[in-house]
Amino acid sequence: MKKYLLGFVVTLVLLTGDSFASSLTKKDSAIMKGEKNLIIGLNADNYGLKSSAAQILGDIKSQKAVIPLMKILKSSDDDNLRIIAALSLYKIQNPMGMFAVRQAIRFDESNRVRKICRNLYLDSEKQENAAAKQR
């Protein structure tokens with residue numbers, strides 16, 4: 001009897017593990033699809049959609065969004081959109097993205113954008129130095 005009970009428990013654990021793994025895969029797939037749609041939203045003509053997509057991609061720290069956000073930071077005509085892109089790149093903390101923020105400090109035409117990028121970059125450096133001291 002104990003042998004059958006043990007076999008039943010092992011089978012139950014294996015089946016539960018498989019269903020758990022497949023639910024994670026479905027969840028990951030949905031997240032990836034949502035991330036893909038947000039990146040598409042960065043190319044929209046609608047300002048609200050573009051800015052919201054940029055903010056959300058920064059909040060979820062999307063590495064796939066770094067290049068499109070860098071493009072917005074470099075070439076958007078709207079100061080606010082460039083600031084949102086810089087903030088999202090700051091949240092993602094990708095070295096390439098932070099380099100783009102650093103370049104905006106020097107080359108952006110707007111004093112406001114340059115100032116915000118400088119603050120973001122300096123804060124990023126401060127966090128990096130604090131993390132290095134803890135190691």
Side-chain angles (χ1 to χ4, degrees):
M1 180 73 171
K2 288 182 182 180
K3 205 183 246 185
Y4 293 115
L5 183 60
L6 180 62
F8 176 74
V9 170
V10 169
T11 305
L12 184 62
V13 168
L14 289 174
L15 290 175
T16 307
D18 286 346
S19 65
F20 181 72
S22 67
S23 69
L24 281 179
T25 306
K26 289 177 186 176
K27 185 178 178 183
D28 291 343
S29 175
I31 290 171
M32 289 172 52
K33 193 177 219 180
E35 183 180 29
K36 189 176 182 181
N37 288 334
L38 288 168
I39 291 171
I40 291 169
L42 290 177
N43 297 318
D45 292 333
N46 183 312
Y47 173 82
L49 176 60
K50 189 180 277 196
S51 64
S52 294
Q55 283 182 308
I56 294 169
L57 286 163
D59 290 342
I60 65 170
K61 297 175 178 26
S62 170
Q63 295 294 322
K64 294 177 184 175
V66 171
I67 302 243
L69 288 168
M70 288 171 52
K71 183 178 175 186
I72 290 172
L73 178 60
K74 184 179 180 192
S75 61
S76 177
D77 294 334
D78 187 85
D79 290 1
N80 294 324
L81 203 51
R82 291 197 310 274
I83 290 168
I84 292 168
L87 180 60
S88 291
L89 289 168
Y90 165 78
K91 288 178 181 179
I92 296 169
Q93 286 296 306
N94 177 287
M96 200 165 50
M98 289 312 298
F99 180 77
V101 172
R102 185 171 149 216
Q103 292 300 97
I105 296 168
R106 296 173 51 200
F107 298 115
D108 198 276
E109 61 197 32
S110 167
N111 188 39
R112 183 169 152 244
V113 174
R114 287 194 309 269
K115 184 177 179 181
I116 290 172
C117 285
R118 186 185 75 233
N119 291 338
L120 293 172
Y121 186 77
L122 291 174
D123 189 65
S124 175
E125 288 290 307
K126 190 186 307 179
Q127 288 178 8
E128 196 173 296
N129 290 338
K133 284 182 182 179
Q134 288 181 349
R135 291 182 211 157

A side-chain contact here means heavy atoms from C-beta on lying under 4.5 Å apart; do [X] and [Y] qualify?
{"X": "Arg82", "Y": "Asp77", "value": "no"}
{"X": "Asn94", "Y": "Leu89", "value": "no"}
{"X": "Arg112", "Y": "Asn80", "value": "yes"}
{"X": "Val101", "Y": "Tyr90", "value": "no"}
{"X": "Ile60", "Y": "Leu57", "value": "yes"}

Just verifying a value: how many Å separate [X] [atom1] and [Y] [atom2], rounded to the nearest 0.5 Å?
{"X": "Lys61", "Y": "Ser88", "atom1": "NZ", "atom2": "OG", "value": "10.0 Å"}
{"X": "Arg118", "Y": "Arg106", "atom1": "CZ", "atom2": "CZ", "value": "14.5 Å"}
{"X": "Asp108", "Y": "Asp79", "atom1": "CG", "atom2": "CG", "value": "7.0 Å"}
{"X": "Met96", "Y": "Gln63", "atom1": "CE", "atom2": "CD", "value": "8.5 Å"}
{"X": "Lys50", "Y": "Ile40", "atom1": "NZ", "atom2": "CD1", "value": "14.0 Å"}
{"X": "Cys117", "Y": "Phe107", "atom1": "SG", "atom2": "CZ", "value": "13.0 Å"}

Self-check item: Leu69-Leu49 co-clustered via ILVMFWY side chain contacts under 4.5 Å
Solution: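 No.
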Quiz item: Same cluster or not: are Leu122 and Leu73 linked, directly or through other Ile, Leu, Val, Met, Phe, Trp or Tyr residues, by side-chain heavy atoms under 4.5 angstrom apart?
Solution: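 Not linked; separate clusters.
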How far apart are the closest heavy atoms of [X] and [Y], and which atoms are they?
{"X": "Gly58", "Y": "Ile92", "value": "CA-CG1, 4.1 Å"}
{"X": "Leu38", "Y": "Ala53", "value": "O-CB, 3.4 Å"}
{"X": "Ile84", "Y": "Ser51", "value": "CD1-CB, 3.6 Å"}
{"X": "Leu42", "Y": "Pro68", "value": "CD1-CB, 3.6 Å"}
{"X": "Ser62", "Y": "Ile39", "value": "OG-CD1, 4.4 Å"}

Indicate whether any N or O donor in one side chain lies under 3.5 Å from an N or O acceptor in the other, for [X] and [Y].
{"X": "Gln127", "Y": "Asp123", "result": "yes"}
{"X": "Arg114", "Y": "Asn119", "result": "no"}
{"X": "Gln93", "Y": "Ser124", "result": "yes"}

Quiz item: Within a radius of less than 6.0 Å around CZ of Phe99, do more than 12 heavy atoms belonging to other residues, nucleotides or ligands occur?
Solution: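 Count not over threshold, so no.
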